[in-house]
Structures are given as C-alpha cells and as structure tokens.
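Read the structure below first, then the notes.
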Amino acid sequence: MTLLLKSVASLKLTFVGLVLLIANAFAVSQWPGAAIPWLVLPLSVLALNLLAALLVRHAFRQQAALLLFHVGLLVLLMLVAAGVLLRFDASVEVVEGTAFDAATVTPRGTGWLHSDKLDEVQFVQGPLEVRYLSGLRRDTTHSRVFLTRPDGSEIERDIGDRQGFSSNGYRFMATFNKGYSVLVQWRDLSGRETIGAVNLPSFPEFEWKQSNEWITPAGESLTLELKLADRIPEDRPWLLRSRDVDYEVGIVGSGQFEATAGPGQSVAVAGGEITIVDLRLWMGYRIDYDPLLPWLLTAAFLALAALGVHMAQKFAAPRAADSAVAAGGEQAA
Amino acid sequence: MSMAMERTTLVAAVTGFAVVLALDVLLRRSGKPAWPTVSGGLAIVMALLTVAVAGRWLRESQGPFLTLYDVLLSNLFSLTLVYLVAAWLVPALRTASAIVSGFLCVLGVWSLTVSAEAVPLPATFDNPWLWLHVTAGKLFLGLCLAAAATATLLLGRRASAAPDSGEMDAAVWLALSLAFVCHSFMLIAGAIWAHSAWGRYWAWDSLETWTFITWLCIALLLHARVTFRRMPVAYGWSAVVAIFGLAILTFLGVPFLSVAPHKGVM
Ligand code: HEM
C-alpha cells in the first residue's frame, strides 16, 4: 500500500502530468471546444499525484509554505471541478418596463448538479441608456433595474459595465448586447387584445438589419422592420435610449402585404389588427451562478501567499532549503 | 505633451539604449567596470521613457494598456525599471546588462515602427484589478528578462569554455522563481478583472490559454530541477531563455493576433 502510494507520489509522474497538461492546454488554444473536456485527464493525474505526494513526501513536511501552496493548488482544483458541476451560465434579453421571465433565458452551460432556482428571481427592467463617444465608441452603460428581494422589499439598482447585481446566487451582468424592441398590441377578430414585444437585432452593431419575424396569435408570420428617422451621428457623442426616438415600423406579411405604421397606429392584417404601442430597448444580460467563487478566491490568495513565503524562505536561506530539497528528492520518505 | 514630442522622446530613449549597449561592450572589452556607466545610462533612458509614458497618459487621459504601441512603450519603461532594481539588489544580474540593453533597443525600434494612434479604452478597463493585473505582468516580464539575459550569458560562457558563475546561476533561478510568483498573481488579478468585466473568471481565450501555458512551463521547469537533479545546467538555462521567448510571444504576439475580448467590444 505504502509502496503504491510512493509510486503514485513520484515527482516523475508530476513531470509527466505537467507535460500532458501543457500539451492539452496547447490543444485548447487550437481547438477550444474539443480539447477542454480532455483537461480532466491530466488534471486528475496531477490531483492524484499531488494527493499522494502530500501524504508521503518529506519535502512537504519540512517546508510548511510549500505544503500550503500545494494544498492550495489541490483545493483550487477541487473547487473549480465542483464549480463546473454546480454552475449555470446563460443569457437573457429583458425589455424596458417588463419583468424578467426565467422562461426566456437561453442557457449556455448548466452543471450536472445545478438545481434551478432562477424562477425565484424577480426584477423589472427600468430605463436603459448607453453613452457613445464620437466615432461610435461605446462609453458607459446605465441600466436601471427594480429588484424584489426575497422578503418582498424592492430596491433600485443602476447596472453598468462594472456593476452587476445578484439575486438568489445568480449574478446578472449587463453585456454590450442591447437593442430596440417594438411593443405591439394584437387584437383578434373577436376583439381580444394581447401585448407583446418584438426584439430587434443588437444595436448599433446591426443597425443595417433592424428587422425580425413575429408570428401573430392568429398564426400569421409578419416581418417587422424598424425605420429610424435619424442616422446615428458618427462625429459627436450620442446617447442610445428609447425616449424621443422618431421612428416608424414597416410590416411585411404574406401575399405581398406591406404597410408602415408609426407609434399608436394600427394596421389590419390576416386574422386581426396590429398596433404599434411603443419603442423600447432591451438589455442583454449574462447570468452566472457559481456559489464557490469566494472560496476559490480565498484558496487562490492563500496559495499565492504560501508560494511567496516559500520562495522568500528558499532564497533567504539557500543552503538550508537546498538540504531540505535534497532530502525530499526522488528518494523521499 | 504633443505626439511629436512623445515620438522624439522615444527616439532619444531608443538611441540611449544603443549608446548604453555600445558603452557596455567597450568598457567590458577594456576590462573596466561597466555597471556604474551602464546603470547611469539606463537611468537616463528610464527618465526619458517616464516622460514619454506620462506625456501620453496625460494627453490621452488614459493609461497605455490597449494597442501594440501602448504595450511596447509601457514595457520599455517597466522592463528597464524592473531590470535596474533587480540588478541593484542582485549584483550577479548586472553581468548581463548588454543583453538586456540590446533586447530593449530592438523592442524600442519595433515600437517606432507601429502606429502610435491612441484607441479609447473600453469601459471595462476602468477597474483597479486591471492595474494590479498589468503591474504583476510587467514585474513578471522584467524578472523573466533578467533571468533569461543572465542565462543567455551563462550559455555563451559555457560555449566559450569560460568558468561558470554559481552566483549568476543562483540569480537566474531567483529571478525566475520571483517571476513565477508575479505570474501567479497576474493570473489571479486577471481572473478577478475578467469576472467583473465579462462575468467569467476564465474563458480559455487565446491570451488566457497562452498565459496559462507559460505559467505551467515555469512550474514544469522548477519541478524538473528538483526531479532530475543530474540534468545538465545548460538545459535549465536554455529552458529559461525559451520561457522568456514564450512569454514575449504571449504578451506581444497573441493579444494582437486574436480578437480576444481582452481588446474590449463595441
Ligand atoms: C501535481 C502534483 C505535484 C507534486 C507531487 C508536486 C511536488 C513538489 C515537490 C516535492 C516540490 C519540492 C521542491 C522543492 O522543495 O524545491 C515542489 C515544488 C514546487 N512545486 Fe510542485 N508539485 C505538484 C504540482 C505542482 C503544480 C501543478 C505546480 C504549479 C503550477 C507546482 C509548483 C511548484 C513550485 C513552484 C515548487 C517550488 C520549486 C522551487 O522551490 O524551486 N507543483 N513540488
């Protein structure tokens, strides 16, 4: 048993494990998608190797800081692995004046052990403003949100490029992805009314393609195209917001149907009538859930501090450290 | 400070590196102590670079973090400063001053050939962790340069059968070990910045991946020294030089070849 432990603790195995990890990281740089899952292999080898080494190697017993650094590495690895299993990563677009709806979230990665509590998150998207410098360079983002806390109280937050908000452990970060949304009212032939928002592609990135398809409750496919009266000024600062925008909406349906409607105007289409209610903005959020992050940070700083102390000790007293290393080489324990 | 003044100052600094290099070689050839002249010369060049960096910073109201020119200019400043301080504290590193000046001169000439036009920093760059990340990165590269230059000199001496210097060898490993600590901090500070800027602490973008590879290569080398005790010393020195090459490629190549989010998005 001890013999097995000693061979697993071999520094040569560490060397091989590190070479494999470097090769794997190189593969990640070439084929990220395919190579990332393979990282588990060298990392598992190194984790086992390190675990065994921590148990049997003299070098670690004689150098507490080196021990702490390596324990830190192992803990980091375990926290990252647990984080991958628990994490949730998604994006969502929320329209000004509307409430966040967990059903509209597009997941990007869900850990096997993640238990979804996203539908407990409650907030309403407030006004949104994005400042641009001349030359259409994005400056600051201000996205106001009204967040309902678990105790029912409400708080208002100003979300920007550096300032997200958390709810139920989910962190919401404003992204550079944002655009216009046309609020439409649908009235069917029996007079029943429903309201909906048609989000247009990211703006100003896709300024040239501000249209999207909308299937009416009557099953008719319409293409809504936003026609802005003013072009974005490139030679001076500019503010992206939904207030005071001069616009019309082009509506194209089947059988050569074409119409244009301004705010408050209605157009009769197959199966009912569509009214342009308002122009809003939608904000793209990145949602991230990683409950172990504070621990990860603590472990990283502890490992770093230990590494610093180890190096300081080693070079402050080179002779003493060298003899300790000699005792901990391949003939350890 | 106008752009023309900044360029003139930079030209003067690059010429300064060339002059320091020439004096260094001449003094060493004639057997005279080179360090007082070399360190004095490098200090003057550093002062010129400080003026260029500060002038640009004040004019553009933003730090030199984004474009290739920004990175070259700030690295000329930081590499000179870190080397001067390191060589002041560890005298064995002074022997390689000519290699350091030569390298900085080449970097300086390169900086004169790239566009100096400033690009506004994305809002995500307004974060204290970015500062720490960049500072740690510059310390890492400076220490790595000191280690690699000394290792190169040792390799040269080996080739010409001159006696090895134990002190220089120790200085190489000291500088590389401290560089490893700085690199580790750079990774952590970068992850914190990335988390607050883009909502993720790690994303395997090409810059992150190559930085991680550099970090692992240093760990591998430090381990190799413990694992293969009878490894010829020249292997270790060659590996130190290779790691510096990798670091330079990562710092000055990868960010400008990829469209990594490190550049910021509209
Ligand atoms: C995975 C299994 C690992 C084992 C079994 C292991 C084992 C050891 C041992 C026994 C030493 C003692 C050397 C000395 O006293 O100088 C050492 C040193 C060290 N290890 Fe590891 N290690 C492992 C992984 C890692 C990893 C993944 C890293 C970092 C990326 C790392 C970084 C270091 C550093 C920086 C030193 C100090 C070297 C020096 O003082 O020059 N180790 N390791």
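All chains are named by letter (A, B, ...) in the order of the sequence lines, taking the proteins before the strands, and each is independently numbered beginning at 1.
Here A:Phe315 and B:Trp173 keep their ring centres 6.0 angstrom or further from each other.
Residue contact with chain A, scored on non-hydrogen atoms closer than 4.5 Å, is absent for B:Leu187. The contact between A:Leu39 and chain B is made entirely by side chain atoms (from C-beta outward), counting heavy-atom distances below 4.5 Å. For a residue to count as touching a neighbouring chain, one of its non-hydrogen atoms must lie under 4.5 Å from one of that chain's; by this rule B:Ala197 touches chain A with the backbone only. With a threshold of 4.5 angstrom between heavy atoms, A:Asp288 approaches chain B through side-chain atoms but not through N, CA, C or O. Interface remark: B:Phe212 contributes side-chain atoms only to the contact with chain A (heavy atom separation under 4.5 Å). Contacts of B:Leu220 with chain A are made by both backbone and side-chain atoms, with heavy-atom separations under 4.5 Å.
The aromatic rings of B:Trp210 and A:Phe26 stand perpendicular to each other, their planes meeting at an angle above 60°, with 30° marking the opposite boundary.
For the pair A:Lys12 and A:Phe15, the NZ or CZ position fails the cation-pi test of under 6.0 Å to the six-membered ring centre and within 45 degrees of the ring normal.
Under 4.0 Å is where a charged nitrogen must lie from a carboxylate oxygen, and between B:Arg200 and B:Asp205 at least one such pair does.
In A:Trp38, the CH2 atom is not crowded: 12 or fewer heavy atoms of neighbouring residues, nucleotides or ligands sit closer than 6.0 Å.
Contact count versus chain B (heavy atoms, under 4.5 Å) is highest, among A:Arg171, A:Met173, A:Arg286, for A:Arg171. Most heavy-atom pairs under 4.5 Å with chain B: of the set A:Ile36, A:Thr141, A:Asp89, A:Ile287, this distinction falls to A:Ile36. The most heavy-atom pairs under 4.5 Å with chain B, out of A:Val19, A:Val80, A:Leu293, come from A:Leu293. Each of B:Thr209, B:Leu174, B:Asn127 has some count of heavy-atom pairs under 4.5 Å with chain A, and the biggest count is that of B:Leu174.
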Would you be so kind as to tabulate the donor-acceptor pairs closer than 3.5 Å made by side chains of residues 135-149 of chain B, with sequence neighbours excluded?
unit_1   : atom_1 : unit_2   : atom_2 : d
B:Thr135 : OG1    : B:Trp131 : O      : 2.6
B:Lys138 : NZ     : B:Ser74  : OG     : 3.2

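Evaluation of the ring-ring contact (aromatic ring centres under 6.0 Å, His included) rule for A:Phe172 yields A:Phe100, A:Phe123, A:Phe165 as partners, not counting sequence neighbours.
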